[in-house]
Structures are given as C-alpha cells and as structure tokens.
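Beneath this line is the structure, given in structure tokens, with notes to follow.
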Amino acid sequence: MRSKIVTILKFQEDVNKAVAAAKAAFERNSEWRTMSPASRGELILKLADLMKRDKEYLAALESLDNGKTYKNALHDVGFSIDVLKYYAGYCDKIHGSTIPSDGNFMTMTIKEPVGVVGQIIPWNYPLGMVAWKWAPALATGCTVVLKPAEQTPLTALVLAALAKEAGFPKGVVNVLPGYGPTAGGAIVQHPGINKVAFTGSTEVGNKIMEGVGQSNLKRVSLELGGKSPLVIFDDVDVDRAVEIAYGACFSNHGQNCCAGSRTYVQAGIYDEFVKKAAEKAKRTKVGDPFAEDTVQGPQVNQEMLDKVLRLIESGKKEGAHLQTGGCRKGNEGYFVEPTVFSDVKDDMTIAREEIFGPVQSILKFETLEEVIKRANDTTYGLAAGVLTNNITTALAYAKSVRAGSVWVNCYHAFSPQAPFGGFKQSGIGRELGEEGLKEYLELKTVSIKV
Ligand SMILES: NC(=O)c1ccc[n+]([C@@H]2O[C@H](COP(=O)([O-])OP(=O)(O)OC[C@H]3O[C@@H](n4cnc5c(N)ncnc54)[C@H](O)[C@@H]3O)[C@@H](O)[C@H]2O)c1
Ligand SMILES: CC1=C(/C=C/C(C)=C\C=C\C(C)=C\C=O)C(C)(C)CCC1
C-alpha cells in the first residue's frame with residue numbers, strides 16, 4: 001500500500017514538473033508567445049523535415065514497439081508528416097472577424113490558444129496520434145504535456161527529441177510516459193492544464209469527463225471507440241467489395257477505432273461475398289512485421305490477444321458461423337488467425353462490442369431502410385461505409401447514418417484536410433481539418449466604444 005502511494009506521488013510530481021514547464025513556456029512574454037506565427041509554422045515544418053529524414057528509423061521503432069508491419073508503420077510516418085505540414089500552413093492564418101454590433105461600438109473577435117494542453121493517446125497508432133495531437137496544438141500556439149500509452153512510449157520520446165532538435169523553445173513540448181490511472185489521471189485532474197485531448201476507449205473517455213468535472217472544467221476533446229458498419233449493396237463488383245471490406249476490417253490487425261467491423265451484405269450477393277471474404281482472409285500472410293510479404297503482425301500484447309480470443313469464442317458460442325480462423329496462430333507471440341464469421345445477428349456480442357482484432361462479422365440484409373436502422377443500432381457513431389453504384393442509395397445512406405465520417409465506395413479515406421470524430425459515444429469534438437484547429441482555440445470578443 002505504502003509503495004503504491006509513493007508511486008502515485010511520484011507520478012504527480014512528474015506531472016507537476018511537466019505542467020510547470022509548459023506553463024512557463026506559455027507565459028505572456030515567453031519566447032513561444034512572442035514568436036511570429038510564421039516562425040511557429042517554420043518550426044513545425046522543421047519537425048516534419050526531421051521526421052522525413054529519420055522515417056525508416058521511426059517506422060522500425062514503431063513496428064518493434066507496437067507489432068504493426070514495418071510497411072504500415074512507414075505509411076503512418078508519411079501521413080503524420082502530411083498532418084504536420086498541413087497545420088504548419090495555418091499558423092499565420094488564424095484570425096477573428098469584425099462584427100456590426102448594436103450601439104456605438106466596434107466589435108471584433110480574436111482567436112487565442114487555449115493554453116497548456118494535456119494529451120493522452122493510445123497504443124494503436126502511437127506516432128500518428130502524436131502528430132494528430134501536436135500539429136493543431138502547436139499551430140495555435142498552445143504548449144503540451146503528452147502521455148503516450150504505457151505499451152508504446154518509444155516513438156513519442158523520439159519525436160520529443162526531434163522537437164528539441166528542430167528548435168522548439170524549452171517547455172513547449174513535454175512527453176511524460178506513464179500509466180493511465182496515475183500519470184493520465186494526474187493530467188486530467190491538474191488545475192494548471194486548460195484542455196485535455198484524449199484518444200482511447202469509451203470507458204476511459206467517461207472517466208476523463210468525470211475527472212474534468214471534479215477539477216477545473218478543462219476543455220475536452222475525445223476520440224473514442226466504434227463499431228462501424230460497412231454496408232455493401234448487390235449492384236457492386238463483388239471482388240472489389242471483398243478487397244475494400246477486408247481493408248476496412250483487418251488493417252492494423254483490426255486495432256483501429258474506425259474499423260469496419262460490421263460488414264452488412266445484401267442478400268443477392270451474400271453467399272458469393274462470404275465465400276470470397278473467407279478465402280481472402282485465409283490467404284493473409286501473418287507473421288514477422290519486418291518481413292516484406294507480411295500483411296498482419298501480432299496484436300499489441302497478451303491482454304489484447306486474450307480479449308480478441310474471448311470475443312471470438314463468444315461468436316462461436318452465440319451461433320455465428322465460423323468461416324475461417326477462430327484461433328490463436330501458433331503458440332508464440334500474440335498472433336491471431338484472421339477470422340471471418342457469417343450469419344452474424346445484430347444482438348451477438350461480436351456485432352455489438354469493439355473487438356480491436358482481426359475479426360470480420362458478416363451480416364445479411366434485404367433493404368436500404370432495414371440496413372439504415374440496423375447500422376444505427378449502436379451506442380457508437382465514429383465511421384460508416386457504403387459500397388454501391390447507385391448514387392441515390394449512397395446519398396440516402398450517407399445522410400441517414402449517425403456517424404462522424406461516411407466513406408462511399410472506399411474506406412479509411414483519411415486526409416489532413418478532412419475532419420474526423422465521433423457522433424454519440426464515439427467522442428466529442430473533431431481532429432484534422434480546420435475543425436481540428438478550433439479545438440485548441442478560445443474565442444475572445446473585444447468591444448471598443450467609439
Ligand atoms: N479509439 C481508439 O483509438 C482506441 C485506441 C486504443 C484502444 N481502444 C479501445 O480501448 C480498449 C482498451 O485499450 P487501452 O487499454 O489501450 O485503451 P485505454 O482507453 O485504456 O487507454 C488509452 C490511453 O488512456 C490512458 N488511460 C487509461 N486509463 C486512464 C485514466 N483513468 N485516466 C487517464 N488516462 C487513462 C492510457 O494509459 C492510454 O494512454 C481496446 O480494447 C479498444 O477497444 C480504442
Ligand atoms: C487510421 C489510418 C491511417 C493512419 C492514421 C494515423 C497515422 C493516425 C490515426 C489513427 C486513428 C484515428 C486511430 C484510431 O484508432 C492511414 C492514413 C495510414 C490510412 C489507413 C487508416
């Protein structure tokens with residue numbers, strides 16, 4: 001008990017130090033606050049350039065830490081650089097407006113950085129998440145204290161070193177590895193932090209809201225879990241649909257907040273789709289993340305392996321038809337056989353819970369109206385997809401599905417310019433695009449008597 005208390009106090013002390021550094025860097029006359037917006041942008045671009053210089057090293061470290069394939073990790077580094085570059089361009093374009101108010105006043109708004117930001121990120125995209133969190137925060141002139149996931153702290157620490165090399169003033173960027181309830185909890189409760197940005201499970205998202213309510217009502221943005229539906233109509237090319245659905249569900253070993261993990265297939269092509277989806281999953285090369293031909297590496301750790309296997313067992317028990325996979329692959333490491341279930345019903349656990357593993361659940365539907373209702377029958381609302389050649393069907397679905405991103409005839413169509421975030425219990429606020437910038441700004445109204 002005594003050693004637990006000492007550990008918690010130690011985390012509190014570390015968070016206090018990081019917050020003090022971030023606060024000092026945010027002082028009115030600090031180097032960071034008095035720097036021109038264009039120079040801020042140059043620093044962000046320099047960081048992006050250093051990441052490009054070290055991209056192979058960063059990707060290798062990410063792959064070692066997380067288990068994702070080296071190829072995917074390189075892709076993540078590339079996208080992260082793009083996000084930094086996109087927001088670097090915003091630094092000198094953040095402005096308010098003038099307002100024709102009543103009376104003899106000239107009224108204007110000014111957009112200001114929210115202040116010291118606590119950022120708590122998960123293990124599935126360790127480096128990508130740092131870029132998504134830092135780029136808008138730094139572009140607006142905030143200072144940050146970031147806690148990486150305890151499973152994957154390495155690339156965030158290297159990015160901190162690159163930020164130092166780029167020339168960010170002391171205290172602007174702070175990385176504090178640690179556990180969730182202790183280090184993360186201390187960030188959430190800290191009175192010196194003005195905003196917390198979190199990505200992770202909906203369960204912890206709830207705890208963040210509680211902590212914020214109990215402390216200083218920080219600004220909050222949350223990017224949480226999902227159980228995203230991909231709906232496939234029978235006017236599509238089945239082979240292409242199988243490929244898109246595979247990418248939607250299995251990319252990053254299924255460890256993806258927006259994974260298309262409920263695959264709804266219209267009755268006319270259902271049997272053919274199931275057969276081909278199972279063949280595709282069966283052909284997946286699972287193994288060494290550094291091997292050129294590997295498509296799927298291990299899950300992140302024992303806990304996630306156990307969780308995925310438990311959910312696969314629930315699918316078998318509750319009567320879904322196992323088409324392929326269904327077991328751990330080998331008996332070393334955290335590998336899972338790519339798994340496909342057909343005849344899945346909406347009330348089965350595998351159709352309701354976020355699995356975060358390589359498990360595809362295929363459900364049959366007949367009509368658009370029916371599938372819209374079923375797609376929306378979830379507490380989540382992060383993403384959704386639809387495959388059809390009928391524009392009216394696509395638009396009707398896109399307008400009716402309650403999700404933050406809808407991908408038509410594609411999936412995971414991310415771009416730095418396009419806002420991303422959840423409806424319902426998938427989150428609060430948006431990342432990326434101009435909307436993502438707003439999450440780090442306070443709006444001030446100034447009225448001048450004339
Ligand atoms: N939406 C996503 O991007 C995402 C990412 C990872 C995991 N998940 C889901 O969450 C489940 C659990 O995974 P996980 O344990 O990595 O996610 P998590 O939500 O527990 O952890 C995410 C981050 O929050 C921190 N954290 C945990 N408890 C905290 C607390 N009380 N206060 C403050 N910070 C805290 C963690 O240390 C980590 O940095 C997964 O099975 C998956 O379903 C979702
Ligand atoms: C998620 C995909 C990509 C990468 C995203 C990155 C680098 C970070 C964000 C991850 C999120 C939102 C995770 C949620 O769990 C690519 C752009 C590489 C494309 C595939 C999907």
Side-chain angles (χ1 to χ4, degrees), residues 122 124-125 128-129 132 197-203 205-206 220-233 236 241 244-252 254-266 344 346-347 350-356 359-363 365 367-388 390-436 438-439:
N124 55 341
Y125 286 86
M129 281 287 104
W132 284 34
F198 170 79
T199 298
S201 60
T202 297
E203 188 190 340
N206 271 299
V220 184
S221 51
L222 305 172
E223 201 265 276
L224 308 173
K227 191 73 197 172
S228 301
L230 170 62
V231 171
I232 303 170
F233 285 88
V236 296
I244 294 174
Y246 177 87
C249 184
F250 290 97
S251 72
N252 209 37
Q255 301 171 143
N256 211 330
C257 52
C258 44
S261 54
R262 288 186 289 149
T263 312
Y264 285 95
V265 181
Q266 204 166 18
V344 176
D346 291 333
D347 59 355
I350 54 171
R352 304 209 73 79
E353 279 189 28
E354 189 178 40
I355 301 178
F356 242 59
V359 182
Q360 185 174 35
S361 298
I362 309 181
L363 306 95
F365 78 93
T367 68
L368 172 67
E369 283 310 311
E370 167 208 336
V371 83
I372 286 171
K373 259 204 204 105
R374 292 172 64 190
N376 283 335
D377 180 20
T378 167
T379 55
Y380 294 116
L382 192 55
V386 59
L387 309 185
T388 176
N390 184 327
I391 187 71
T392 310
T393 304
L395 283 177
Y397 177 81
K399 282 182 75 172
S400 312
V401 70
R402 303 279 298 158
S405 293
V406 186
W407 292 305
V408 180
N409 292 333
C410 58
Y411 206 86
H412 286 150
F414 281 100
S415 87
Q417 302 81 6
F420 175 74
F423 280 27
K424 300 194 268 182
Q425 291 185 41
S426 286
I428 296 176
R430 291 293 177 268
E431 297 193 280
L432 304 183
E434 193 177 355
E435 295 299 322
K438 290 182 191 160
E439 301 288 339

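Just so it is clear, the structure is predicted and the values come from calculations on it, not from any experiment. When a residue number appears, it is its place in the shown sequence, counting from 1.
- A side chain to side chain contact (heavy atoms under 4.5 Å, CB included) with Y264 holds for exactly one of L230, I232, V344, D346; it is D346.
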Show your working on side chain to side chain contact (heavy atoms under 4.5 Å, CB included) between L224 and F198 and close with a plain yes or no. CA-CA 8 Å; L224 308 173; F198 170 79; 3.5 Å; yes

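- The side-chain heavy atoms of N256 and Y125, taken from C-beta on, include a pair separated by under 4.5 Å.
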So V231 and Q266, side chain to side chain contact (heavy atoms under 4.5 Å, CB included) or not? Walk me through it. CA-CA 8 Å; V231 171; Q266 204 166 18; over 6 Å; no

Starting from the C-alpha separation in whole Å, work towards a yes-or-no answer on side chain to side chain contact (heavy atoms under 4.5 Å, CB included) for S400 and I372. CA-CA 7 Å; S400 312; I372 286 171; 3.6 Å; yes

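- Looking at heavy atoms from C-beta onward, V265 lies out of side-chain contact with L363 at the 4.5 angstrom threshold.
- Inter-residue side-chain proximity for F420 and E223 is flagged as met; some heavy-atom pair is nearer than 4.5 Å.
- Residues L387 and F233 form no side-chain contact, since every pair of their non-hydrogen atoms from C-beta on lies 4.5 Å or further apart.
- No side-chain heavy atom of E431 sits less than 4.5 Å from a side-chain heavy atom of P419.
- Ion pairing between R374 and E370 holds under the 4.0 Å rule for side-chain N and carboxylate O.
- Looking at heavy atoms from C-beta onward, R262 lies out of side-chain contact with S228 at the 4.5 angstrom threshold.
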Please lay out, stage by stage, how D377 and R352 fare under the test salt bridge (Lys or Arg N to Asp or Glu O under 4.0 Å). CA-CA 9 Å; D377 180 20; R352 304 209 73 79; 3.5 Å; yes

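- Judged by distance alone, the side chains of S415 and Q417 do bring a donor and an acceptor atom under 3.5 Å apart.
- Side-chain contact check for T388 versus Y397: every heavy-atom pair is 4.5 Å or farther apart.
- At least one side-chain heavy atom of W407 sits under 4.5 Å from a side-chain heavy atom of C258.
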Check against side chain to side chain contact (heavy atoms under 4.5 Å, CB included), Y411 and Y246: CA-CA 10 Å; Y411 206 86; Y246 177 87; over 6 Å; no

